[in-house]
**Student:** 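What follows is a single structure, and I will ask about it in a moment.
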Amino acid sequence: MAKAFVIGAPIAHSRSPLIHGHWLKTLGIEGSYEAVHVEPDDLPAFIRHNDFDGGNVTLPHKEQIKPLLDRLTTTAQRVGAVNTVWREGDRLVGDNTDGAGFIANLDATEPGWRDAPGNALVLGAGGAARAVVDALARAGFAITIANRTMARAEALAMELAENAMITSLLQAPLERADLVVNTTSIGMDGSMLPFDIKALRPDALVTDIVYTPLETPLLKAARTRGCRTVDGLGMLLHQAVPGFERWFGERPEVTAELRDIILADLGASA
Ligand code: NAP
């Protein structure tokens, strides 16, 4: 029976056991997926001595785990963080599936969105932004990164999208954006990004990777302007697909039923 983990500290809030548990049940696979609280000091021992087939890695271990693994995928190397681990023989491999999850979510909700890649405005330059910028650069978008701390945006661009333009959040060029992606944590507390949304073109596609609340103030304002909007819950569901396939041998589907289960759980804990 295959066994997978999600490790983090804290870990009780993770929705991953619900997602993978649903897929194990609906696909009739005998396997387990469990949340394990691992403190940073205990990470090396956990990685060296466990009987799992792999698992997911969340904060604060996404970077610290890298030297403990035998191989990183090229994506994990570029992004500089690992969220999915599996075994290949006696070797442990680390990948980062956030960018693939971001792309797959838009593919599912807005088919054709990357057929003619235009200008993408990425708000934020933190860990999640790295995966999003990497994925958008590889999809051929011309990228602008807007962040409160400009130096962080510059460093991100230098590493992952050397032709990207850099601005402050206040000067984000909304009027030129075909695609707007919020990767900052602004919106989680109900606050709006510090710019005038009226500059946004109504034909722009706007997505937020924050999913609590599901409709962030940015998405609400964009919808009111007539823009197409995509929330961040789908990215969470889609980033889980490759890991499940590695550990349990079947590629699961992101369905409306799964989304409703997670939404109900988010509602229950709101
Ligand atoms: P992070 O590394 O801490 O980065 C946070 C980003 O938000 C930085 O760009 C930071 O700007 C900006 N920021 C935070 N507070 C701000 C404020 N008051 N004003 C202006 N900018 C502010 O976090 P992360 O790991 O990238 O995660 C970001 C968000 O994405 C979180 O809400 C997380 O839950 C969500 N997320 C969702 C998914 C998904 O599957 N949907 C996956 C990963 C993450 P500075 O650089 O100036 O500090």
Side-chain angles (χ1 to χ4, degrees), residues 6 8 10-11 13-16 18-20 56-64 75-76 79-84 95-109 121-136 143-160 164 166-172 180-195 206-219 229-244 254 258-259 262-263 265-266 269-270:
V6 55
I11 198 60
H13 66 286
S14 173
R15 262 74 193 197
S16 294
L18 210 51
I19 297 170
H20 291 281
N56 288 125
V57 181
T58 187
L59 299 176
H61 306 312
K62 287 178 153 193
E63 291 169 28
Q64 286 84 342
T75 306
V79 173
V82 165
N83 74 346
T84 304
D95 192 14
N96 189 307
T97 65
D98 275 341
F102 171 79
I103 296 278
N105 181 35
L106 289 181
D107 283 351
T109 48
L121 171 62
V122 177
L123 309 168
R130 293 181 64 87
V132 168
V133 165
D134 181 57
L136 288 175
I143 298 171
T144 299
I145 305 169
N147 197 42
R148 176 178 60 180
T149 310
M150 301 270 288
R152 210 174 176 195
E154 276 159 19
L156 196 172
M158 279 226 307
E159 281 183 65
L160 294 172
I166 308 299
T167 77
S168 67
L169 280 177
L170 291 169
Q171 290 174 329
V180 178
V181 186
N182 177 44
T183 74
T184 74
S185 39
I186 300 175
M188 289 187 78
D189 62 356
S191 49
M192 178 56 182
L193 282 133
F195 45 56
V206 181
T207 183
D208 204 319
I209 73 164
V210 168
Y211 54 86
T212 48
L214 195 60
E215 186 174 64
T216 59
L218 172 68
L219 291 186
T229 61
V230 177
D231 64 62
L233 181 55
M235 174 176 167
L236 178 76
L237 304 179
H238 282 280
Q239 63 77 31
V241 169
F244 188 96
V254 173
L258 174 61
R259 193 178 150 88
I262 305 302
L263 273 178
D265 190 63
L266 289 171
S269 63

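All values below were derived from every heavy atom in this structure, side-chain atoms included, with hydrogens, water molecules and symmetry-related copies excluded. Atoms within a ligand are numbered from 1 in the order they appear, just like the ligands themselves.
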**Student:** Under 3.5 Å, N or O to N or O, is Gly232 touching ligand 1 that way?
**Tutor:**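 Right, the criterion is met.
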**Student:** Report the distance from atom NE2 of His13 to atom OG1 of Thr58, rounding to the nearest 0.5 Å.
**Tutor:**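 If I round to the nearest 0.5 Å, the distance is 5.5 Å.
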**Student:** Of the listed options (Gly187, Ala128, Ala131), which comes nearest to atom 43 (C) of ligand 1 when hydrogens are ignored and any heavy atom counts?
**Tutor:**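 Ranked by closest heavy atom to atom 43 (C) of ligand 1, first place is Ala128.
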**Student:** For Val210 and ligand 1, does the shortest N/O to N/O distance drop below 3.5 Å?
**Tutor:**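 Checking ligand 1 against Val210, no N or O pair falls under 3.5 Å apart.
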**Student:** Closest non-hydrogen protein atom to atom 38 (C) of ligand 1, residue and atom name please, with distance?
**Tutor:**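 So the nearest neighbour among protein heavy atoms is Ile209 O, 3.9 Å.
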**Student:** Using a 4.0 Å cut-off to any heavy atom of Met188, which atoms of ligand 1 qualify?
**Tutor:**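 Once the distances to Met188 are compared, the set is 32 (O).
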**Student:** For the residue pair Leu258 and Leu237, establish whether any side-chain heavy-atom pair is separated by less than 4.5 Å.
**Tutor:**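 They are in contact (side-chain heavy atoms under 4.5 Å apart), so the answer is yes.
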**Student:** Where is the nearest protein heavy atom to atom 18 (N) of ligand 1: which residue, which atom, and how far?
**Tutor:**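 Here the closest protein heavy atom is Arg148 NH1, 3.5 Å.
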**Student:** Are Asp134 and Asn96 close enough that some pair of their side-chain heavy atoms sits under 4.5 Å apart?
**Tutor:**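 Sidechains of Asn96 and Asp134: no contact.
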**Student:** I'd like the name of whichever of Asn147, Asp208, Thr184 reaches closest to atom 9 (O) of ligand 1 through any heavy atom.
**Tutor:**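 Of the listed residues, Asn147 has the closest heavy atom.
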**Student:** When you compare ligand 1 with Tyr211, is there at least one nitrogen or oxygen pair between them that comes in under 3.5 angstrom?
**Tutor:**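 Between Tyr211 and ligand 1 (N or O atoms, distance only) the closest approach is not under 3.5 Å.
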**Student:** Answer yes or no: is there a side-chain heavy-atom contact under 4.5 Å between Arg259 and Val254?
**Tutor:**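 When only atoms from C-beta onward are counted, Val254 and Arg259 do not touch, as no gap falls below 4.5 Å.
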**Student:** Any N or O on Arg152 sitting closer than 3.5 Å to an N or O of ligand 1?
**Tutor:**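 Checking ligand 1 against Arg152, an N or O pair does fall under 3.5 Å apart.
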**Student:** Heavy-atom pairs closer than 4.0 Å: do any link ligand 1 to the side chain of Ile186, the backbone, both, or neither?
**Tutor:**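 Under 4.0 Å from ligand 1, Ile186 contributes side-chain atoms alone.
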**Student:** Is there side-chain contact between Arg148 and Ile186, with at least one heavy-atom pair below 4.5 Å?
**Tutor:**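 Of all side-chain heavy-atom pairs linking Ile186 with Arg148, none is under 4.5 Å.
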**Student:** Looking only at N/O atoms, are Gln239 and ligand 1 under 3.5 Å apart anywhere?
**Tutor:**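 N/O-N/O distance under 3.5 Å: no.
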**Student:** Asn147 and Thr149: side-chain donor and acceptor closer than 3.5 Å?
**Tutor:**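 Checked: Asn147/Thr149 side chains show no N/O donor-acceptor pair below 3.5 Å.
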**Student:** For the CG atom of Leu219 and the CG atom of Asp208, what is their distance to the nearest 0.5 Å?
**Tutor:**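 Those atoms lie 5.0 Å apart.
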**Student:** Before signing off on this row, confirm whether Ala125 and ligand 1 have an N or O atom pair separated by under 3.5 Å.
**Tutor:**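 For ligand 1, there is an N or O atom that lies under 3.5 Å from one belonging to Ala125.
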**Student:** Check each atom of ligand 1 against the heavy atoms of Thr183 and keep those under 4.0 Å away; list them by number with element.
**Tutor:**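 Heavy-atom distances to Thr183 below 4.0 Å select 28 (C), 29 (C).
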**Student:** Side chain or backbone of Ser185 under 4.0 Å from ligand 1, or both, or neither, by non-hydrogen atoms?
**Tutor:**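 Both backbone and side chain of Ser185 come within 4.0 Å of ligand 1.
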**Student:** Excluding sequence neighbours, so at least two apart, what forms side-chain hydrogen bond (donor to acceptor under 3.5 Å, both in side chains) with Thr207?
**Tutor:**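 For Thr207, no residue satisfies side-chain hydrogen bond (donor to acceptor under 3.5 Å, both in side chains) once neighbours in sequence are set aside.
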**Student:** Atoms of ligand 1 less than 4.0 Å from Gly124 heavy atoms?
**Tutor:**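 With Gly124 as reference, the close atoms of ligand 1 come out as 9 (O).
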